[in-house]
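Because only heavy atoms are used, hydrogens play no part in the values below, and waters and symmetry mates are left out as well, while side chains stay in. Proteins come first, then strands; the chains are lettered A, B, ... in the order of their sequence lines, and each starts at number 1. For clarity, every value in this text was computed on a predicted model and none was experimentally measured.
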2 protein chains.
Amino acid sequence: MAITVVGSVAFDTIETPAGKRERCLGGAATYFSLSASFFTDVRVIAVVGEDFGKRQESVFQARNIDTRGIEHTAGKSFFWEGSYLENLNEAKTHITDLNVFATFNPKIPDAYRDSEFLFLANIDPVLQRRVREAMPRAKLVAGGAMDYWIKDHRAALLEVLKGLDILLINDTEARMLAGNSNLVQAAHAVMALGPKALVVKHGEYGATLFHGGLTFRAPALPLEEVVDPTGAGDSFAGGFFGYLASQPKQTPAAFRSAMFYGSVMGSFACERFGTERMQKLTRQEIDERFNLFRELTHLA
Amino acid sequence: MAITVVGSVAFDTIETPAGKRERCLGGAATYFSLSASFFTDVRVIAVVGEDFGKRQESVFQARNIDTRGIEHTAGKSFFWEGSYLENLNEAKTHITDLNVFATFNPKIPDAYRDSEFLFLANIDPVLQRRVREAMPRAKLVAGGAMDYWIKDHRAALLEVLKGLDILLINDTEARMLAGNSNLVQAAHAVMALGPKALVVKHGEYGATLFHGGLTFRAPALPLEEVVDPTGAGDSFAGGFFGYLASQPKQTPAAFRSAMFYGSVMGSFACERFGTERMQKLTRQEIDERFNLFRELTHLA
């Protein structure tokens, strides 16, 4: 079943111990879409400037992603520059130029309106809510929240959480949102705000799913080299939600496998700069790594 | 098969957000022994002072632990006081009184000399090495190292590592020992120093085993309340090594289960102050929690 995703499409300049890349194609919606496209049909809602051309468009088209919801407007696309020189787990932001993203007002193509799966990536909660309300046929809605929105836009964020089936956040965000440093207590507090399921991402240590009575831990792959962690979380979300959307029913077993596929896609994202690895990935490689994750965690 | 363990038996005064306890029975050898005793016969080598009496002795005896190697001497036992008020993952040490431990010279009872399994807990690497050499019949030798020894007693520690089959350390120690922040690269560097297998403990995120071609991740149980993390690592080691020693062969499958049992015992240790939980534990509870860990990590 098709997923509609709303979020940022951006250019990123990234420096890591492995090197530096100028103006890679990036943004949460980009990573999410590419990742989810290995599992199901994906439709993007975003805004880009005049610097987003055929070359960038072709990255989406090569994965059969519907880009009719990408609005082209005068000006420049969202630009981010950051580095991971001291800590591969946390980016240091040098520049954030919102550009055309500053006045983003998501426009939903009619062809997207039958999407039963909706992913609200990291954008202003006011916009997340507007998109959610404009997509009443979405039967499973997932989303992310970033520390910025948790700290400074809490009221709007709480409104979004009420309408969310699945929230994907990291440890720091979960603890910040709940005001509680114990992961289990924080998870319960966050779910009391609305989401029926919560995925807490632990970076190199994997992720934990809380969903009703089910608690499930997916590992991350111990990687010999993390070239660029940018987009790992959004790629996780794409694999997780893409797999769920591809299943006839979202059973507990489907959620378990979805956690593994999320971790698998997050691990690939780190292997090259930007979306390079995602662009060259094959479904066979994904399934092989899924099996590797099973080997990594299952008793004989 | 019987395990001989050498390490500290101590009194700990511990403060955590859950409260404070004065002079609990503690020490690495204590936690290790209690934990391993659920899987196999355990023999302890340690030194205690006049403050270690029948009440403390009975904690070991209740678990059928051989205490003939606990030397009683004039003076006071090792005393540690610490708190976890700001960070449950890392103790803040207030007092370390080595007392009789300062001149510890391990004496090995003849009855221990046929032990095929030897665990060298956190003590001066010079003593670890002496015990290892005095136990030539030990066919599987595991041990731990603490940041203190890595920083200030590196040469002696490197000698110990050469004779070790399995090293159990935490993330920080692995990275410090290898001088490398990437976990996989650090693991390979540490194993190049001697140990055939390496267990890196990640606290609340579980642990990773590196053993030849096998990489295996065991989760930690998400706990609603961590009452006291003291001894969790040593309890992990006891469950891990105790289970291995109980098996006819130390196959990869046995190592996988050992990782789970390690995590299981570590999770119990955190539930009460000091060794309280370990003292009241039953084998049935251990097996139930083992199954819970399977549920927590295995695809349907």
Notebook entry, point to check: Relative to chain A, which of B:L292, B:N182, B:V184, B:L299 shows the most heavy atom pairs under 4.5 Å?
Noted result: B:L299
Notebook entry, point to check: Quick one: what part of B:A218 sits under 4.5 Å from any heavy atom of chain A, side chain, backbone, both or neither?
Noted result: neither
Check: Do any N or O atoms from the side chain of A:S235 and from the backbone of A:A269 form a donor-acceptor pair under 3.5 angstrom?
Finding: no
Margin query: Does this structure show an ion pair linking B:E173 with B:K151, if we count only N-O contacts that are shorter than 4.0 Å?
Written below: no
Margin query: Below 4.5 Å, heavy-atom pairs only: which of B:R294, B:E225, B:E204 has the largest tally toward chain A?
Written below: B:E204
Check: Hey, what do you get for CG (B:L281) to CZ (B:R272), rounding to the nearest 0.5 Å?
Finding: 11.0 Å
Item checked: Distance-minimising heavy-atom pair for B:P222 and B:L296 -> CD-CD2, 3.9 Å
Check: Closest approach of B:G238 and B:S35, non-hydrogen atoms and distance?
Finding: C-OG, 3.5 Å
Next item on the list: Please state whether the side chain, the backbone, both or neither of A:A187 comes within less than 4.5 Å of a heavy atom of chain B.
Entry: neither
Notebook entry, point to check: Is chain A contacted by the side chain of B:D171, its backbone, both, or neither, given a heavy-atom distance below 4.5 Å?
Noted result: side chain
Next item on the list: Let me know if A:F255 has heavy atoms under 4.5 Å from chain B in its side chain, its backbone, both or neither.
Entry: neither
Next item on the list: Would you mind checking which part of A:F290 comes under 4.5 Å of any heavy atom in chain B, side chain (CB onward), backbone (N, CA, C, O), both or neither?
Entry: side chain
Note to self: Check this for me: B:E288, atom CD, are more than 12 non-hydrogen atoms of other residues, nucleotides or ligands nearer than 6.0 Å?
What the structure shows: yes
Checklist line | Residue selection (most heavy-atom pairs with chain A, distance under 4.5 Å) from B:R217, B:E295, B:H298, B:H202 | finding: B:H298
Notebook entry, point to check: For A:L223, is it the side chain, the backbone, both, or neither that has a heavy atom closer than 4.5 Å to a heavy atom of chain B?
Noted result: backbone
Checklist line | Side-chain donor or acceptor of B:E116 paired with backbone N/O of B:K139 under 3.5 Å | finding: no
